[in-house]
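The shown structure was predicted, so the numbers you read here are calculated from the model rather than taken from an experiment. The chains referred to below are lettered A, B, ... by the order of the sequence lines, with proteins before strands, and numbering in each begins at 1.
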Amino acid sequence: SEVRIAQQFGIGYLPMTVVKEQKLLERFVREAGLPEPKVTWTQVSGAAAMNDALLTGNLDFASAGVAPMITMWARTKGRLDVRGVTSLGSMPNYLNTSNPAVKSLADFGEKDRIALPAVKVGFQAVLLQMAAAEAFGKDNYGKLDPITVSMSHPDATIALLGGRSEVTAHFASPPFQEQQLQDPRVHRVLSSYDVLGGPHSFNIVYATGKFRDANPKTVAAFVAAIDAANDFIARNPKEAAALYIKAENSKLEPAFVENLVTDKATRFTSAPENTMKFAEFMHQVGLIKEKPASWKDLFVPELHGKAGS
Amino acid sequence: MAWRPEREYRPAPPGAIGDVSQSLPWLHRLAAREDFWRLAVLVALALVWEGYGRWLDDDLLFPTFSQTVAALWTATVSGVLPLRTLASLETLAMGYAGGVALAAILTTFATSTRIGAALLTTLTAMFNPLPAIALLPLALLWFGLGTPSLVFVITHSVLWAVALNAHAGFRSVGPTLRKAGHTFGLTGWRYVAGILVPAAFPSILSGLKMGWAFAWRTLIAAELVFGASSSGGGLGWFIFEHRNQLLIAEVFAGLLTVIAIGLVVESLVFGTIERRTLDRWGMRR
Amino acid sequence: MAWRPEREYRPAPPGAIGDVSQSLPWLHRLAAREDFWRLAVLVALALVWEGYGRWLDDDLLFPTFSQTVAALWTATVSGVLPLRTLASLETLAMGYAGGVALAAILTTFATSTRIGAALLTTLTAMFNPLPAIALLPLALLWFGLGTPSLVFVITHSVLWAVALNAHAGFRSVGPTLRKAGHTFGLTGWRYVAGILVPAAFPSILSGLKMGWAFAWRTLIAAELVFGASSSGGGLGWFIFEHRNQLLIAEVFAGLLTVIAIGLVVESLVFGTIERRTLDRWGMRR
Amino acid sequence: MSALPSSARRGEPMPSAGTASPLLAVRDVTIQYRTPDRLVTAVYDVSFDVLKGDRFVLLGPSGCGKSTLLGAVAGFLHPAAGTITLDGREVRDPGPDRMVVFQEFDQLLPWKTVRANVAYPMITSGRFDRRTALERADAFIAKVGLSAFADSHPHTLSGGMKQRVAIARALALEPAMLLMDEPFAALDALTRRKMQGELNELWEDTRFTLLFVTHSIEEAIVIGNRILVMTPHPGQVRAELDASGLGEADRGTPAFAQLERRIHGMLFGEAHG
Amino acid sequence: MSALPSSARRGEPMPSAGTASPLLAVRDVTIQYRTPDRLVTAVYDVSFDVLKGDRFVLLGPSGCGKSTLLGAVAGFLHPAAGTITLDGREVRDPGPDRMVVFQEFDQLLPWKTVRANVAYPMITSGRFDRRTALERADAFIAKVGLSAFADSHPHTLSGGMKQRVAIARALALEPAMLLMDEPFAALDALTRRKMQGELNELWEDTRFTLLFVTHSIEEAIVIGNRILVMTPHPGQVRAELDASGLGEADRGTPAFAQLERRIHGMLFGEAHG
Ligand SMILES: Nc1ncnc2c1ncn2[C@@H]1O[C@H](COP(=O)(O)OP(=O)(O)OP(=O)(O)O)[C@@H](O)[C@H]1O
Ligand SMILES: Nc1ncnc2c1ncn2[C@@H]1O[C@H](COP(=O)(O)OP(=O)(O)OP(=O)(O)O)[C@@H](O)[C@H]1O
Ligand SMILES: [Mg+2]
Ligand SMILES: [Mg+2]
């Protein structure tokens, strides 16, 4: 049998990279008493393509940010029944700016431009709206939307660091946010952890109900593999960083990557954190029609034993 | 050879032959009309779409024609789609105009000098295969975020097709017509406008048609890549936004709008121009 | 009118006139060569690039030509770029072949029946402006993730340009040549291959050239959307990867590869074909 | 059509029957064009016979339907009424047994050399194998005096040379009939005369059967042995005349001038007979 | 070029000077073409004068440089040596004072009606205002007998009709000189004769100055009052002959035939004088 998995770019997918490089899924499937599967790994460049691939049956495990995964859950509920299989850990996303006058959200002016991968709908856009709701009141969650612009992380980083464009801020993700902060002209306005009051899951692996029902042991093995990978990362951050650099053919400094991995805000865990806050907010602003009763609605039973939220 | 008699005949008078030229019944005339067949093709395609959609039964992946039309209706009535379409058309018009203007300059240059011709063919071979994202850094640098950059990319996509076709058209203008123009005392711009442009019009028009198709393609793709600000945003953004929310019927409604506008422009704008010019001048290939 | 004398002359014998047809000096002959000017344009462009890049002095945004060439060299020597290029070229070739084959079928159909013509023009007007992402769900549904889907999207991008041009070319084949072909007893496929295709070759070739440019454009854009299996990935993925790592010189090296291949194909492949066919046959427009 | 035998021939049997059985028999043929919204009658109720070895000329004013009639014999068009039979078989489609030489210079395949142009229909028709075809091609190219240009492409030839190639191509195939639609009309006067002479020499040489369209009375007399005079649109037969005694050499003789005047009268409505 | 006065004219003063001062003076003109890698001499050391009201014919075999010479007079080409002056001013560029009628049918602007085609150069040259131009256009269209087609586009006209429009267009502008490069060569023989007659009638009517290129001896005699006979490539002057006494009506007369034979001899190398 074949298991088809897709991941995206970035340090946030490190657990999957470890699973891939160390062939952990193969091992746990074997240990569950099934014949060793052929695992096919694919890299996909965005959530939209990821979802299409999952919906057309070209993928078994898809991975994307929390927001797209919740959208997917809401839209397929009662039919394809997509659910999260595991979190890929919690990482903060920073809102960085090159405008020295900006110390908080309230300081953004007409002339500022905040870059996001996708205005209004993406993970960072939802984060920014949640932050705006906190800063300006529940109903003013959209206050900053008019000054947001869509841009991919690398493009936004170039724009911000180049200093020649109107982009003065960027709601980034690792490792771009750290790369930006190496430039003295750039400083952090807020971290997503501040917005959610603590760590929150960043990327989620998800699968359809049909696959889960047909392959319960594979799903369990996948969770176990991620757990084992997280364990490895926690114990051998240096090797994990080296593994990442090799797998991604990255030109980043090993020390820089290691710092990302060992950052105390970063937690590589399979347990979903603060996902319900996302779901509630997305429901509140109308991005999804239905609200999950609890985080357990969003995830497979295999995870329900963990300390999720 | 055996001898053969000569013969003379008294031909039937015109009246005796019946109508030398008779009207055909309406069914024949209908079948001879291009529009009729185009409409038939459109209807057939809609039916195939509906059928396949129903058979698939997966509105997350491929909504049916009727679902799409329903979504189109809702989005139109709510005013969102018209607004977005208008925004796109505005950008498109600017980029298209820019591309055509630049193409005019480049082609004039290419037509009048050797190095100009080399410049045009080389630039076209170089830049035509480049996707819009390749221009992103320069666009951002020169024009900043939003519409101006979009206009730049559309200009780029239109420019080469139009310039290439116009250049080919100019080159194919016969020496007789050229000389005739010169004899009239026309030189420089008056010569280009008075002789070359109308004489190369079939080629120019086909370049314009192709440029139009690219402009759309590029716009939709570029709106995703280039900082669409949330305040504005065109059709491309409409599509992307709904795609992100997995509202696929709306996505298809957006695409259907693109198609509909394409068909309208093709048959109304370009079709009318063709009828008014090429057909009347006997220059249709 | 006043009376004028008749006159007879004794013309100079051929030898007395000197060389009736003389060779020109090499500088003149060089200046008359297209390649010379193309090369000059290329060198000039490289210089402008280098100069602007140095003046900007921002290798994150716009690396200089020399930086790009250095990155190109490293990536080539390491074997990554050639591998990726090969992968892309393979996909491209398949998609291109598919597009051309489909175009051949569609055009044959359009040339032989009324409804076929309506089908071709309508489909072209509809699908030509559609960006590749619009086809993504269908491509995934029918062909799955990876190369087959890429091939499908490239096929789509090539198809319309080639079909449109070929159809226009077929329509422009004169009635005399058509009748001549029929007189030879040619019908069906032998007629198309023996008469129509060579007669419409200028148009077909320009369609093929345009299709080639689109295929590249689409491939680069589509590789980003469709992703890559861990083993492979083409030039588009190479560009995307390095962009993600903010290695902009490598990104430009990738784009330069695209341009270089475009130029090579344009001047070597298509140029040779043109010289061997159109020029020799006196059919160059 | 009311056949009215001229005074000279009154009381004779069916004239079209002749004595030999005809190679081409056109019987009561009416031809119509279907435009997008009209039906136009171009040729009305025309009958004639062409015997083997005839140089049969269709003569008439511009637009009278000569090309239409020739096109029907070639098989490009189908009569709305009447029948056209060649050697007893009804003509349905174009085919290499009725090679056509057109007025236009673009009837050669520009992508083939002169030799290949001449050989091509011999090969595609399957009548000759490749080698024989090329040999015959060379022979016929020599006959029209173009051996030096056998390897040239058509675009390097002058108009007259192109027409010669087209004639060589048609003759080389040994068609049952050679159809020519104003083949010399686009040539200048000097070349035209020369080509008329050459055609006659070729006929002396190979004795093909020819159906020749022209609107020049002089050309009709120089080339034809039978002349079918047609009325203006819609084309009907005005007369079928004998010109077998007159050729190039007779230009300017009283007999030539008389026939010329007689046909002129028929075409332009003066008294005849 | 060694000028060898023929026996009849021996010992006379500079023959090209004539008695009136020439409208067009071509002096020792040599013209070369520059191809990508060669320099080809097309016309060598040619001199002649055209007086006002002349119907001056350039006659010579194909490829001898007639069109090249006419092109130089029109201003499309520049002599490598020698001078061309019109009314004393050197010819540098094409201009509406030397209207050209070409052999090709595509010299009309297909995107303009017949009337607009005739009026266009009058307007662009700034010689007439719009209204006058249109009035003159109608008048000249009437002169060439095409009033019924004034609102048609060129593609609906036959070749002969197109040439008539081109002539009307050229004449309407009242050019100092009318240049015609084998304007009737692409027409069939009947139409060609008719057009020759019409051109002569127009000349009787308006007395323009004409420079006419042909390779038909007969046409040269019918049209011209002076005939410049040229040698084969590279083109030089063989003779400048007087044909002022001969016109259409003289076709077939002994004088006509004699001149025809004389020119024929010059062109095809038989003994002369
Ligand atoms: N394709 C067509 N569609 C409609 N009518 C046509 C078509 N071709 C010819 N006709 C009509 O048929 C008539 C005969 O045309 P045809 O070309 O046979 O004349 P022709 O005698 O060959 O003239 P010409 O000497 O000018 O070649 C014309 O009057 C024309 O109106
Ligand atoms: N564009 C050109 N490039 C090079 N050589 C040329 C060009 N045009 C003409 N020639 C040469 O100049 C010579 C004269 O050509 P030109 O066209 O003036 O002859 P012509 O007398 O008008 O012939 P025709 O009667 O066939 O029109 C020819 O022998 C030809 O080789
Ligand atoms: Mg005809
Ligand atoms: Mg000439």
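- For the pair B:Lys209/C:Leu164, no side-chain contact is recorded, criterion being any heavy-atom separation below 4.5 Å from C-beta on.
- The CZ atom of C:Phe214 lies 5.5 Å from the CE atom of B:Met210; values are rounded to the nearest 0.5 Å.
- Ranked by heavy-atom pairs under 4.5 Å with chain B, the first of C:Phe270, C:Trp160, C:Trp142 is C:Trp142.
- Looking at B:Phe170, neither its backbone nor its side chain comes within 4.5 Å of chain C, counting heavy atoms on both sides.
- Without hydrogens or angle criteria, B:Arg217 side chain to C:Asn128 main chain gives a donor-acceptor distance under 3.5 Å.
- With contacts defined as side-chain heavy-atom distances shorter than 4.5 Å, the pair C:Leu119/B:Arg38 does not qualify.
- Taking chain B as the reference chain and counting heavy-atom pairs below 4.5 Å, the highest number among C:Ala213, C:Ala125, C:Ala215 is found for C:Ala213.
- Contact of C:Ile261 with chain B is not made at all, since no heavy-atom distance falls under 4.5 Å.
- Neither the backbone nor the side chain of B:Ala40 comes within less than 4.5 Å of any heavy atom in chain C.
- Looking at heavy atoms from C-beta onward, C:Leu123 lies in side-chain contact with B:Leu45 at the 4.5 angstrom threshold.
- Top candidate by heavy-atom pairs under 4.5 Å with chain B, chosen from C:Trp212, C:Tyr52, C:Phe127, is C:Tyr52.
- With a 4.5 Å cut-off on non-hydrogen atoms, C:Leu56 touches chain B through its side chain but not through its backbone.
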Note to self: Pair C:Thr121, B:Glu266 - check side chain to side chain contact (heavy atoms under 4.5 Å, CB included), show working.
What the structure shows: CA-CA 10 Å; C:Thr121 50; B:Glu266 170 87 20; 5.7 Å; no

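- No part of C:Ala44 comes within reach of chain B, as not one of its non-hydrogen atoms sits under 4.5 angstrom from that chain.
- Annotation: maximal heavy-atom pairing with chain B below 4.5 Å, among C:Ala117, C:Ala118, C:Pro129, occurs at C:Pro129.
- Heavy-atom pairs under 4.5 Å with chain C peak, among B:Ile115, B:Thr124, B:Val258, at B:Ile115.
- At a 4.5 Å heavy-atom cutoff, the contact between C:Asn165 and chain B is made by side-chain atoms alone.
- For the options C:Ile259, C:Leu219, C:Leu42, C:Val265, heavy-atom pairs under 4.5 Å to chain B are most numerous at C:Ile259.
- Neither the backbone nor the side chain of C:Phe240 comes within contact range of chain B; no heavy atom of the residue lies under 4.5 Å from a heavy atom of that chain.
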